[in-house]
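Note that the coordinates shown come from a computational prediction; the quantities given were computed from them, not determined experimentally. Order of the sequence lines fixes the chain letters, A, B, ..., with proteins taken first and strands second; residue numbering starts at 1 for each chain.
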There are 2 protein chains.
Amino acid sequence: MENKDKLIDVALTLFNDRGYQSVGIQEIVDTVGVSKPTLYHYYNSKLGLLKAIFEQHILGDIKRYEEDAIYNGDFTYSLQKLTFAISNSYKNNPRLYHLLFTYILSSKDSEDYKVVNLYLSKIYNIVVNLFVASKVQNGNMNNREEQFSYSYLAMLIDYLNRHGEEMNNDQFLYSLLHQFQFGINS
Amino acid sequence: MENKDKLIDVALTLFNDRGYQSVGIQEIVDTVGVSKPTLYHYYNSKLGLLKAIFEQHILGDIKRYEEDAIYNGDFTYSLQKLTFAISNSYKNNPRLYHLLFTYILSSKDSEDYKVVNLYLSKIYNIVVNLFVASKVQNGNMNNREEQFSYSYLAMLIDYLNRHGEEMNNDQFLYSLLHQFQFGINS
DNA sequence: CTATTACTATACCAATTGGTATAGTAAGCA
DNA sequence: TGCTTACTATACCAATTGGTATAGTAATAG
C-alpha cells in the first residue's frame with residue numbers, strides 16, 4: 001500500500017478508536033512511518049485528511065442509497081432495499097461507518113462535525129425522503145414521517161453498531177424491519 | 001453563584017458545544033474569570049471536572065429511574081413511568097443529558113468516554129433489566145429483550161435530542177411508546 | 001540533457017496543552 | 001491572640017498541538 005493510502009488507513013483506525021480530536025498528526029505519521037510533510041502534501045490539513053477518509057468510499061455508497069430508496073409504490077420493498085444497502089456498506093467498511101455514526105449524537109460546533117455532517121446529512125435526507133414519498137401508502141403516519149425516519153435510523157444504526165460486522169445478520173435485519181412496522185406485540 | 005459551581009456550569013456548556021477534547025482548561029477558567037489553580041483546587045484534573053459535572057445531578061436521577069423501573073406485573077406501566085422520568089430529567093437538565101448521550105455512539109478508547117460510561121451504562125442496565133423482567137408477560141419477545149431495550153433507548157434518546165426541551169411533549173412520548181409496542185401500522 | 005513535477009525528510013515555528021510551585025489573602029477557630 | 005484551613009493569583013513547566021520553510025531525491029516529460 002502507498003503512503004497516501006496508509007495514512008488514510010491508519011488515521012481511520014486511530015480516529016475510530018479515540019476520536020478525531022484526541023489523535024495528533026504526529027501519532028498518525030509515526031504509525032505509518034513517514035514525516036509530517038508527507039501527510040500535508042497529500043491532504044493539506046488535519047480536516048482535509050478527515051474529509052478524504054470519507055470521500056474515499058462514501059460518495060459511491062450514497063449514490064447506491066439514492067437508487068435503492070426510490071419509492072415505486074411499495075414502501076416495504078424500498079425500505080428493505082435501502083436497509084440492506086446500508087448494512088452491506090457497513091459490513092464492507094465497518095471502521096468508516098462506525099466513525100460516521102459517531103457524529104450523529106456528537107457536539108455540533110466542532111470543526112470535525114461540520115465536515116462529517118456533509119455526508120451524514122445526505123444519508124438522513126435519503127431516508128426521510130423515502131418516508132415522505134410513501135405518505136399516501138402509509139396514511140396512518142399522520143404527518144409524522146420525519147419522526148418515523150429518525151426513529152428508524154436510530155434503531156438501525158444502534159443495531160449496526162452492535163451487530164453490523166457479523167457475517168449473517170439478514171435475519172436480524174428482517175426482524176428489525178418487522179419490529180419497526182408492526183411493533184413488539186405482534 | 002460560587003466559583004466552584006460557575007466552573008461546572010461553564011464547562012458543561014463548552015463541552016456540550018464543542019466536545020470535551022476540543023475545550024481547553026484555559027478557556028474554561030478564562031470564561032469564568034478565575035485562574036487555573038482555582039479549578040484544580042476544586043477538581044484535581046480535567047477528567048475530575050467532567051466527573052463532577054455528572055455527579056452533581058445524575059446519581060440522584062438514576063436512583064429515581066431504578067425505582068420507576070421496578071416491574072410489578074404491568075410492563076407498559078413501568079416503561080411509561082421510566083420513560084417520563086428520563087424525559088423529565090432531560091427537561092430539567094438538557095445540557096447534562098445532551099452531553100451524556102453524546103457518548104452513546106462515541107469512540108470507546110478515549111479517557112473521557114470511560115468516565116462518562118460509568119453513568120451511561122447504569123441507565124442502560126436499568127432499561128434492559130425492565131425488559132428482561134417482563135419476559136413472562138411479553139412472551140413474544142422471543143429472547144430478544146436486549147435488542148428491544150437497545151432499540152427503545154435509541155429511539156427515545158434520538159427523540160429527546162430533537163424535542164426534549166419542548167414544554168409539552170407528553171403526547172409525543174405516548175406516541176413513541178405506542179409506536180414501539182405496536183409499530184407504525186396500527 | 002534539461003526542466004519540471006511528485007514526493008519526502010530535517011528542522012523548525014508560535015501557540016496551546018494539562019498541570020504545578022510558590023505565595024498570598026481572608027475567614028474561622030483555638 | 002495565633003494557627004489552620006479554604007481559596008486564589010502570578011508565573012512557570014515540559015510536552016504537544018497543527019503546520020511550514022527549506023532542501024533534497026527520483027522520476028518523467030520536452
Side-chain angles (χ1 to χ4, degrees), chain A residues 1-56 99 102-103 106-107 109-116 118, chain B residues 1-56 99 102-103 106-107 109-116 118:
Chain A
M1 200 168 11
E2 314 260 306
N3 285 339
K4 187 180 177 183
D5 298 318
K6 275 192 203 167
L7 284 164
I8 283 204
D9 190 61
V10 165
L12 176 53
T13 297
L14 292 177
F15 289 164
N16 220 342
D17 288 348
R18 302 210 313 282
Y20 175 82
Q21 294 282 358
S22 302
V23 178
I25 293 286
Q26 195 66 55
E27 185 179 357
I28 296 171
V29 296
D30 284 352
T31 308
V32 174
V34 297
S35 62
K36 283 202 276 186
T38 300
L39 188 152
Y40 281 88
H41 170 72
Y42 291 116
Y43 304 111
N44 281 309
S45 67
K46 197 187 176 186
L47 279 179
L49 174 61
L50 184 65
K51 205 171 168 182
I53 288 175
F54 284 101
E55 298 213 322
Q56 201 184 28
L99 182 60
T102 273
Y103 284 89
S106 84
S107 306
D109 283 353
S110 65
E111 313 168 301
D112 47 330
Y113 172 83
K114 286 165 192 165
V115 166
V116 177
L118 293 176
Chain B
M1 200 167 11
E2 314 259 306
N3 285 339
K4 188 179 177 182
D5 297 318
K6 275 192 205 164
L7 285 165
I8 284 205
D9 189 62
V10 165
L12 176 52
T13 297
L14 292 177
F15 289 165
N16 219 341
D17 287 348
R18 302 211 312 282
Y20 175 83
Q21 294 283 358
S22 303
V23 178
I25 293 287
Q26 195 66 55
E27 185 179 356
I28 297 171
V29 297
D30 284 352
T31 307
V32 175
V34 297
S35 62
K36 283 203 273 188
T38 300
L39 188 153
Y40 281 88
H41 169 73
Y42 291 116
Y43 305 111
N44 282 308
S45 66
K46 197 186 176 187
L47 278 179
L49 175 60
L50 184 66
K51 206 172 166 181
I53 287 175
F54 284 101
E55 300 212 320
Q56 202 185 26
L99 182 60
T102 273
Y103 284 89
S106 83
S107 306
D109 283 354
S110 65
E111 314 168 298
D112 48 329
Y113 173 83
K114 286 164 192 164
V115 167
V116 176
L118 293 175

Atom CD of B:Q56 with >12 non-hydrogen neighbours under 6.0 angstrom: yes
For A:V29 against A:S35, the heavy-atom pair lying closest together: CG1-O, 4.0 Å
Donor-acceptor pair between B:Y103 and B:D112 side chains, under 3.5 angstrom: yes
Polar side-chain atom of B:Y43 near backbone of B:K4 as donor-acceptor pair, under 3.5 Å: yes
Nearest-0.5 Å distance that lies between atom CG in A:L12 and atom CD1 in A:I53: 5.5 Å
Nucleotide-resolved protein contact map, nucleotides 6-24 of chain C, B/S/- at heavy-atom distance under 4.0 Å: -BBBB------SBBBB---
